[in-house]
Each structure stands twice: as C-alpha cells, then as structure tokens.
Amino acid sequence: MKLVVTEKNDAAQKIADLLGVKKPKADKVYNTPVYRFEVDGEEWVTIGLRGHILEPDFTPSMVYKKRGGWRGVTADGEVVPASLPDSLPKPPFKKKKPFTEDGVELKAWKMDALPYLVYAPIEKLPKEKDIIRSLKNLAKKADSIVIATDFDREGELIGSDALSCIQEVNATAPVSRARYSAFTKEEIHHAFDNLVELDGALAAAGASRQDIDLIWGAVLTRYLTLVKFAGYGNVRSSGRVQTPTLALIVARERERLAFKPEDYWVIRGAFDAGAAAGPTDGQGPGAFEAPTATARFKSQAEADAIMAQVSGVKSAIVASVEKKKRTVAAPVPFNTTSLMAAASAEGLTPARTMRIAESLYMDGYISYPRVDNTVYPASLSLEDTVRAISGNPAYAPYCAELLSRGKLVATRGKKETTDHPPIYPTAAATPDDLSPADYKLYNLIARRFLATLSEAAVVEGTKVSLDVAGASFVAKGDVLVKPGFRAIYPYGLKKDESLPAMEQGQAVAFNGATCTKKQTEPPARYSQGRLIQEMEKLGLGTKSTRHSIIERLYQVKYVQNDPLEPSQLGMAVCDALEKFAPHIVHPEMTAELESEMDAIAAGSISKDQVVTTSRNLLSEQLADLMPHSEEVNAALADAVAADAYVGPCPKCGKDLQLRASQKTRSMFIGCAGWPDCDVTYPLPQGRVEAVPEKCSTCGMPQVKVTAFRSKPRTLCIDPNCPTNQEPSIVVGECPVCKANGKHASLIAQKNPRTLKRFIRCENYEECDTGYPLPQYGALEATGEVCEDCGAPLVIVHTNRGPWKLCPNFDCPSKEKEAAAKSSAKKKPRKAPARKKAAAK
DNA sequence: GCAAGGTC
C-alpha cells in the first residue's frame with residue numbers, strides 16, 4: 001500500500017480524485033478521513049493532516065511546571081550554557097542545600113529561571129494526537145510513503161514531522177516527496193511521476209523559526225508577566241511578530257501626540273449658474289459650491305481680506321473651463337491581504353473576514369482563501385466561473401454581457417505565485433442562501449471577480465475657475481462617462497459630483513461666501529485593514545496569521561478600538577522593550593531570520609548555529625532587562641492604573657478603577673482606597689473601557705460597554721443617574737396568578753445592583769413568576785400573549801431594529817425557534833454546488 | 001498562564 005500524506009483533508013481528497021482511475025472510496029481511520037483508490041493495481045491511501053501535528057516546547061523534565069505554571073528550571077540535565085553574562089542574578093542553587101520545590105531540585109525559580117529558560121532544551125511534542133494515531137496506523141501497513149504537503153517551507157516542515165511519526169512505526173518503507181503547486185490533473189500527475197526527496201534542510205529552516213519564536217516569546221512574555229504580576233489570566237505577551245506590530249500602532253500614536261494642530265481658514269462660495277447675478281434661492285439645478293483657489297489660508301487676516309473683497313458681490317465670471325478624461329483601471333484579483341483590506345473598509349474585521357471566508361470555502365462558494373497570488377492561472381476557466389455565478393440574478397445581466405464579448409481577459413496583480421489561484425467565487429449564492437455577513441463577503445468576492453474581467457472606468461473631471469471681483473474660486477466635478485468595472489463593483493468609491501454646464505466668459509450668480517476656521521489633523525490611526533497591509537510590507541506574519549496577531553493585541557489589552565489605538569499598557573510594554581530589548585521590537589528581526597533560514601535551506605549554516613546565535617542575543621537583551629525590573633515594574637503599574645482609571649471617587653476622592661472580581665472574573669468599578677473606602681459600582685456584561693467624557697446629566701464618569709455582538713454604548717457609572725433609570729412598565733398579566741384565580745400585573749424593572757433587567761409579578765411576595773429580559777433597548781408592551789406559554793409578548797428595540805419576543809426562557813416556542821434557526825442556516829449550505837476548481 | 005505557523 002502506498003501512503004500519501006497531505007497537509008489538509010481537502011488536499012487528500014483532491015489528490016485522490018485526480019490520481020484515481022475510479023472514484024476513490026472515502027473511509028475513516030480513527031475518525032480521520034482517508035481516501036482509498038487504485039493505481040495500476042496498487043492500493044493507494046491519502047490522508048490529510050491538520051497543518052502542524054507536532055509542536056515544539058521546552059523539554060518537560062527540564063522546565064519545572066506546576067499546574068501548567070511557570071515555576072522554574074530543574075537542575076537535572078545541563079541546560080546552562082558555558083557562561084551566562086555576569087550581570088545576571090545569581091540563582092538560588094548556589095545555596096549549600098539544593099533548592100527544591102515538591103522534592104524537585106531546581107536550578108532557578110520564576111524570574112531567576114528566565115536566563116536558563118533561554119537555553120532550555122526543546123523537543124517536539126504531539127499536538128494532533130488523533131491524527132498521529134491514524135497516521136501511524138496506516139504507516140504500519142504502508143510499503144512506500146509519499147509526502148505531499150504544501151510546496152513551501154512550512155509544508156516541508158509539516159511533512160518532515162509527519163515522517164518522524166511514521167518512522168517510529170515503519171522505518172523501512174521508502175519515502176519520497178511530491179511537489180505540486182496547483183490541483184490540476186497535469187500538475188498532480190507530473191508531481192507523482194517526478195517524485196523527489198524530502199528537503200531536510202528546508203524543514204530545518206522552518207524548525208529554526210519555530211524554536212526561535214518559542215524561546216523569545218516564552219522568555220519575554222514570562223518576563224513581562226512576572227515583573228508586575230497582576231493575577232492569573234493577566235498575560236502580557238511579546239513575540240517576534242506581535243511586538244513589532246504593536247510598535248507600529250504605538251509609533252503612530254506618538255506621532256499623533258506630538259502633532260501640533262495649526263489653525264487655518266477655508267472659504268467656500270455659493271454659486272448659481274441658473275442666473276447671471278444673485279442672489280438666487282440656491283436650490284435650482286444650477287446651484288453649486290466652490291472653495292477658493294487658495295484652499296487654506298494660514299492667517300485669519302488673509303481670509304478676512306478675501307471675504308471683504310467678495311462681500312456684496314452679486315456675480316462671478318467663469319474664467320476657464322477645463323475638462324480632462326482619466327481612466328481608472330479595473331482592480332486586480334483578490335489575495336488574502338487585499339480581501340481583508342477591502343472587507344475592512346466594509347466594516348468586517350480581518351479576523352471575521354477570515355472566519356467567514358473559511359466557511360464559504362468549506363461550503364464550496366469561494367476558492368481557497370489563504371493565498372498570496374494575484375494572477376489567475378491559465379488553468380482557471382474564467383468563462384465557466386462567470387457562468388457559475390450568473391445564477392445570482394443581481395449578477396446575471398452583467399455576466400451575460402461579459403460572456404457576449406468572447407474571450408475574457410483578466411487584470412493581473414503584481415504578486416504571482418502558483419500555489420493557489422487568487423480568491424474567486426466557485427458557485428452562485430444569493431442573499432437567501434447565506435447569513436447577511438456571509439453574503440456581504442461573498443458579494444464582495446463575486447463582484448471583485450467580475451470587476452477583474454471588466455474594462456477600465458472613464459471619469460471626466462471638470463475644473464471651472466471663477467472670478468469673483470478678482471478673487472478666484474475653483475469648482476471641481478467628476479462624472480463617470482464610461483462605467484466599465486464600476487457598473488458591478490461599487491466599493492470604495494467617492495460619489496460623483498457633477499457641475500452644471502458652464503462656458504468661459506459666462507456670468508453666474510454669486511450668493512456670497514462663508515469662512516470657516518479649521519485645524520490641521522494629525523496622521524490617522526491604522527484601521528485593521530491598513531495595518532495588515534503595513535505588516536505585509538514589512539514581512540511581519542503571514543497571510544494566515546496576521547489577523548490573529550491583531551486579535552491577540554486586543555486580547556492582552558495592548559490596543560483598543562478600531563481604528564487601532566494603543567492602551568497605556570501597550571505603550572509602556574513597547575517603551576520598556578525598546579529600551580532594554582530592542583531586538584524584539586523591530587521588524588528587522590524577522591528580516592534577519594528570513595535570510596538565515598535561506599542560509600539553512602541552502603546548507604551554508606546549520607539550524608543549531610542559527611538558534612544558538614539567537615539564544616545568545618536574547619540572553620544579552622535579557623541581561624539588560626533584568627537589572628531594570630523595578631523601573632519596568634513601575635512603568636507597567638502606572639500604565640495599568642491609567643487604563644483602569646474611570647474618575648475620582650465621590651466619597652474619598654481617590655481613583656475609581658475598573659476591576660475584575662477575584663471570584664467571578666466579572667468586572668466592576670471599585671475605589672483605589674479600598675478597604676478604607678467601600679465605594680463600588682456594578683457594570684453590565686461585556687467589554688468595558690473608561691472614557692474621558694463625564695455624564696452630561698449628573699457629571700459622574702462614564703464607561704464604554706461593548707456587549708457580545710452589539711455596538712458599543714456609553715453609560716454613566718451611577719445606577720441612580722436618571723439616564724440609567726428604567727421606567728417600570730406593566731407588560732401584561734401574570735399567567736400563574738391568573739390560573740390561581742387572582743389578578744396581578746407583570747412589571748419590567750432593572751435591578752440597580754446587578755443592572756439586569758427582568759420581568760416580575762407585582763405580587764412577588766407570594767408569586768415567584770419572573771422572566772429575564774435583554775439588557776439593552778427600549779422596551780414596549782404589546783398587550784399580546786404568547787400562544788405557547790401564556791407569558792406576555794414584549795418588543796425590544798435593539799440596534800438591529802424592533803424584536804418581538806416571548807421573555808419566558810422555558811417556553812416551548814424557544815425550542816421550535818432554535819430548531820428553525822439552525823435549519824435555516826444549514827439548509828442552503830447543505831447542497832453546496834461542486835467547486836469548479838481548476839479543472840480544465 | 002508563553003510565540004507563530006499550519007489548519008478546522
């Protein structure tokens with residue numbers, strides 16, 4: 001039996017489809033899908049891994065962990081290099097009695113262990129135990145092995161890890177490597193007819209990346225977390241990619257903070273080509289506005305002079321009319337980065353975009369979403385793809401027109417790789433088939449695909465110079481004269497601004513001018529889409545990881561909001577590392593690693609040499625960092641306090657801070673003077689941030705609360721503030737009391753301690769009838785009663801619109817609803833159209 | 001309780 005190992009299940013299936021003469025048989029080995037088929041009488045099996053199946057970590061016996069914690073480095077085994085820098089603290093093992101914890105002899109403990117952790121041995125531990133079991137089970141029966149993971153460095157490493165698992169149970173079967181860069185019949189057959197050897201040097205290059213990332217990441221993350229320990233779950237991370245990314249955001253914020261806004265003045269005139277002299281009502285089709293030819297006046301005196309010059313003037317002369325046509329090229333095919341950038345502009349975060357794209361791909365609506373390539377391969381039939389998506393009525397006329405033109409030609413991007421095609425739609429979908437967010441992304445991808453087959457748009461720009469008593473004004477207008485791709489791709493465009501027709505020398509009405517004082521703006525913060533593009537430019541992360549790196553920065557509270565804004569903590573971490581361990585802060589570390597990996601792959605240097613050099617460098621930087629721990633501690637403490645600060649305590653004047661309850665992890669506001677001062681305020685569920693603005697009603701501090709899947713709200717922290725009062729409204733009659741022959745009203749109220757809104761029976765001393773309510777949104781009684789349980793129906797005005805619901809959680813209608821929801825979501829996905837893929 | 005890289 002020949003065993004073929006691929007990087008993912010999808011690839012295993014495709015390869016089986018392309019190589020098998022007859023349709024492969026889908027089977028399972030311990031829950032892992034495999035595909036069996038025959039080639040020339042020989043039995044073949046393909047199995048897909050799930051990316052990396054092994055993961056490097058410090059050798060468990062060398063690093064003493066308790067409860068998964070970071071306790072110390074054990075004394076057994078030599079993990080210390082010949083000489084540690086002199087400036088490092090002396091570890092406790094110098095004591096006469098060996099330093100022990102739970103009977104384990106330790107070389108060093110917590111912070112003091114870090115210099116040793118730098119040199120702690122690393123081994124590969126199983127990560128995907130189920131897959132490994134399946135792989136080994138098949139490997140035992142295999143006569144030969146083909147490693148057919150992706151054709152790149154990580155693919156070589158994944159294949160090499162798989163091989164080490166295989167060879168534990170079958171060391172004799174011959175091994176070869178298939179290299180392919182597209183799932184076409186020709187390419188796959190060519191790869192399997194021309195098998196090569198696994199490139200151990202390339203795999204070693206990847207493994208060096210893994211080790212270096214682990215060592216730097218673990219050592220610096222532990223340093224930052226332990227230097228000012230803030231309780232479990234309060235990790236302050238650092239890494240080769242995330243820290244330079246954070247530094248980009250911090251640098252932009254520093255520019256903004258250093259920015260000195262300057263005043264300037266702008267003058268806009270009101271004109272009307274419908275008359276030769278004003279004033280006119282300014283409402284007719286000839287009315288338009290135009291700024292002065294000098295866009296910004298640096299001083300008020302200059303602006304005042306112009307205002308005086310045009311004051312009382314009734315008419316302007318058209319000094320010139322210039323028309324220029326310019327073409328706007330059709331966009332190039334989507335790769336991961338450009339998709340995330342475009343979706344980011346439409347309000348989908350990169351992380352969400354990738355989640356949705358992954359599911360659209362799995363359901364057969366789009367092609368593989370993790371690509372760098374921006375050139376459609378020749379093997380992709382553009383015509384077939386257009387036909388495939390024309391099932392959506394919104395695209396159908398445009399698709400028909402494209403097809404009527406004969407052979408289609410697509411635009412080409414700058415990046416051309418052959419691993420996967422750029423992202424394109426593989427089947428038709430309509431808004432009925434997908435959830436709104438899924439369709440939003442699908443629609444973007446489908447329209448982008450059609451746009452790449454379209455002609456350029458032609459825009460006619462008109463520039464009209466107007467003379468108002470010697471002062472010159474300039475009106476500009478853009479009109480789309482040939483829509484080209486814009487007919488199908490309306491994303492990221494300015495609205496047309498057309499001007500009335502005018503001729504040189506013509507007099508038009510002047511209805512006066514307004515002068516406005518403005519200020520220059522600091523450079524804008526990064527949007528997530530822009531940041532991803534910047535990361536790509538600097539070589540930080542990969543197409544598959546960049547979005548998760550940004551999410552990580554949010555998770556550890558280094559950044560907040562979108563566009564991205566660093567927290568005080570984020571800035572403090574960045575500053576401390578820049579000062580004492582600058583290497584981790586700069587993207588050059590990645591660039592250097594890349595060139596060293598090239599050297600490992602070329603065989604000119606060993607993995608050991610590269611990792612040891614990196615360890616020595618980290619050791620030096622750590623030696624700089626450790627003696628300054630008090631300084632770093634103070635800086636982080638100040639930053640954390642600043643991020644938590646919400647305002648002064650009304651009782652004692654000390655700081656009110658956002659805090660997390662020790663027991664429940666839930667957030668509340670407490671006074672820094674605790675236990676002397678017991679002032680606390682409850683907080684609703686969700687992510688909470690302090691905001692500088694005070695409540696306009698009562699003057700107390702406010703917080704921004706972002707509940708799960710809803711828009712942020714700014715709330716006053718005082719539950720007794722009028723803005724937090726919930727009118728106690730009667731929503732209906734208590735069904736339980738009614739059944740007992742009594743009459744009692746059900747009342748909606750808010751608990752001032754927990755801020756939870758609920759419905760209860762007014763006769764609550766005897767009747768415990770109560771229902772929960774959504775926390776937000778104006779509440780309305782309907783007078784209607786739920787058919788299934790008799791509870792009153794209410795309407796909650798959410799930010800997605802009014803929502804009529806039965807508040808009873810135990811109502812039988814809930815189950816029906818849940819069932820309807822899941823089938824509504826799944827049904828259209830159940831019969832995904834077959835991927836057109838690259839079949840010629 | 002660490003990173004970043006695959007993939008689900």
Side-chain angles (χ1 to χ4, degrees), chain A residues 5-12 31-33 48-58 63 65-71 110 113-114 117-118 120 122 124 127-128 130-131 149-162 203 205-227 229-246 336 354-363 368-370 419-420 535 539-553 555-556 584 589-590 593-594 597 614 618:
Chain A
V5 182
T6 68
E7 193 156 317
K8 46 187 171 277
N9 177 44
D10 223 66
N31 277 332
T32 307
L49 307 177
R50 228 136 62 190
H52 296 282
I53 55 170
L54 302 182
E55 187 173 37
D57 202 354
F58 301 112
V63 178
K65 293 182 181 185
K66 198 178 164 187
R67 278 185 277 121
W70 308 335
R71 311 288 280 212
K110 291 252 174 163
L114 295 182
L117 191 66
V118 172
I122 289 173
K124 290 244 176 156
K127 186 181 174 209
E128 299 286 347
D130 292 351
I131 300 243
T149 46
D150 290 359
F151 185 12
D152 53 27
R153 189 172 58 220
E154 293 297 331
E156 212 71 14
L157 175 57
I158 290 164
S160 159
D161 286 348
S208 73
R209 197 248 341 124
Q210 287 186 319
D211 287 4
I212 288 170
D213 282 344
L214 171 67
I215 299 163
W216 283 76
V219 169
L220 291 175
T221 299
R222 288 182 187 197
Y223 177 83
L224 290 169
T225 306
L226 296 174
V227 74
F229 186 67
Y232 290 98
N234 248 319
V235 174
R236 286 188 275 275
S237 62
S238 176
R240 174 177 58 81
V241 178
Q242 63 167 265
T243 303
T245 303
L246 173 64
T336 307
M354 289 315 288
R355 267 197 303 276
I356 297 173
E358 179 69 36
S359 100
L360 289 175
Y361 164 65
M362 283 299 163
D363 291 344
Y368 189 68
R370 287 185 282 267
D419 47 354
H420 295 282
M535 290 170 78
L540 294 173
T542 72
K543 56 190 182 294
S544 318
T545 59
R546 289 185 193 110
H547 64 276
S548 63
I549 299 276
I550 297 177
E551 277 216 317
R552 178 78 186 144
L553 296 179
Q555 204 188 344
V556 296
I584 195 68
M589 180 172 172
T590 295
L593 178 62
E594 287 287 342
M597 283 193 290
S614 183
L618 172 60

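Below, chain A is the first sequence line, B the second, and so on; all start at residue 1. Not measured: the values here are computed from a predicted model.
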Which nucleotide in the set B:dG5, B:dG1, B:dG6 lies at the smallest distance from any side-chain heavy atom of A:Ile549?
B:dG5
Look at all strands and tell whether A:Arg209 reaches a base, only sugar-phosphate, or nothing, counting heavy atoms closer than 4.0 Å.
base
Picking from B:dT7, B:dC8, B:dA4, the nucleotide nearest the side-chain atoms of A:Asn9 would be B:dC8
At under 4.0 Å between heavy atoms, what does A:Gly541 touch on the DNA or RNA strands: base, sugar-phosphate, or nothing?
sugar-phosphate
Rounded distance (Å) that lies between atom P of B:dA3 and atom CZ of A:Arg240
13 Å
Which is true for A:Gly51 with a 4.0 Å heavy-atom rule: it touches a base, it touches only sugar-phosphate, or it touches nothing?
base
Could you tell me the separation between the CD atom of A:Glu55 and the P atom of B:dA4, rounded to a whole number of Å?
13 Å
So do A:Met535 and A:Ile550 actually touch side chain to side chain, heavy atoms under 4.5 Å?
yes
For the base of B:dA4, is there a side-chain donor-acceptor partner from A:Glu154 under 3.5 Å away?
no
Kindly state whether the pair A:Tyr232 / B:dG1 counts as stacked, where counting means centroids closer than 5.5 Å and planes tilted less than 30° apart.
no
Check A:Leu49 against A:Ala162 and note the closest heavy-atom contact, atom names and distance.
CD1-CB, 3.8 Å
Polar side chain donor-acceptor pair, A:Asp10 to A:Tyr368, under 3.5 angstrom:
no
Counting the atoms with a prime plus P, OP1 and OP2 as sugar-phosphate, which does A:Phe229 contact under 4.0 Å by heavy atoms, base, sugar-phosphate, or nothing?
base
Identify, between A:His52 and A:Gln210, the residue whose nearest nucleotide on DNA chain B lies closer to the 5' end.
A:Gln210
A:Gln555 CD to B:dC2 P, straight-line distance once rounded to whole Å:
8 Å
Between A:Glu128 and A:Pro244, who's closer to the 5' end of DNA chain B by nearest nucleotide?
A:Pro244
As an exercise, state the distance from NZ of A:Lys110 to CZ of A:Phe229, rounded to the nearest 0.5 Å.
6.0 Å
I'd like to know if A:Gln242 reaches the base of B:dC2 with its side chain such that a donor and an acceptor end up less than 3.5 angstrom apart.
no
Where the side chain of A:Ala218 is concerned, which of B:dG6, B:dC2, B:dA4 is the nearest nucleotide?
B:dC2
Quick one: label A:Thr542 by what it contacts on the DNA or RNA (base, sugar-phosphate, nothing), any heavy atom closer than 4.0 Å.
sugar-phosphate
On the side chain of A:Asp57, is there an atom forming a donor-acceptor pair with the base of B:dC2 - under 3.5 Å, no angle test?
yes
Heavy atoms only, 4.0 Å cut-off, all strands: where does A:Lys543 land among base, sugar-phosphate and nothing?
nothing
Quick check: do A:Arg236 and A:Thr225 have side-chain heavy atoms less than 4.5 Å from each other?
yes
Choose from B:dG6, B:dC2, B:dA4 the nucleotide whose nearest atom is closest to any side-chain atom of A:Ser544.
B:dG6
Would you mind reading off the distance between A:Glu551 atom CD and B:dA3 atom P, rounded to a whole angstrom?
14 Å
Using whole Å, what does the distance between atom C1' of nucleotide B:dT7 and atom CG of A:Leu54 come to?
15 Å
Does A:Ser237 reach a base, just sugar-phosphate, or nothing at all? Heavy atoms under 4.0 Å.
sugar-phosphate
Side-chain ion pair, A:Asp57 and A:Lys65, N-O less than 4.0 Å:
yes
When all nucleic acid strands are considered with a 4.0 Å heavy-atom cut-off, which category describes A:Pro369: base, sugar-phosphate, or nothing?
nothing
Whole-Å distance between B:dG6 P and A:Arg153 CZ?
8 Å
Heavy atoms, side chains only, cut-off 4.5 Å: are A:Leu593 and A:Met597 in contact?
yes
Within this structure, what is the CG-to-C1' distance between A:Asp152 and B:dG6, rounded to whole angstrom?
9 Å
Look at the side chain of A:Val235 and decide which nucleotide, out of B:dG6, B:dC2, B:dT7, has an atom nearest to it.
B:dC2
Within the structure shown, what part of the strands sits under 4.0 Å from A:Ser238 by heavy-atom distance: base, sugar-phosphate, or nothing?
sugar-phosphate
Distance in angstrom units between A:Phe58 CZ and B:dC2 P, rounded
14 Å
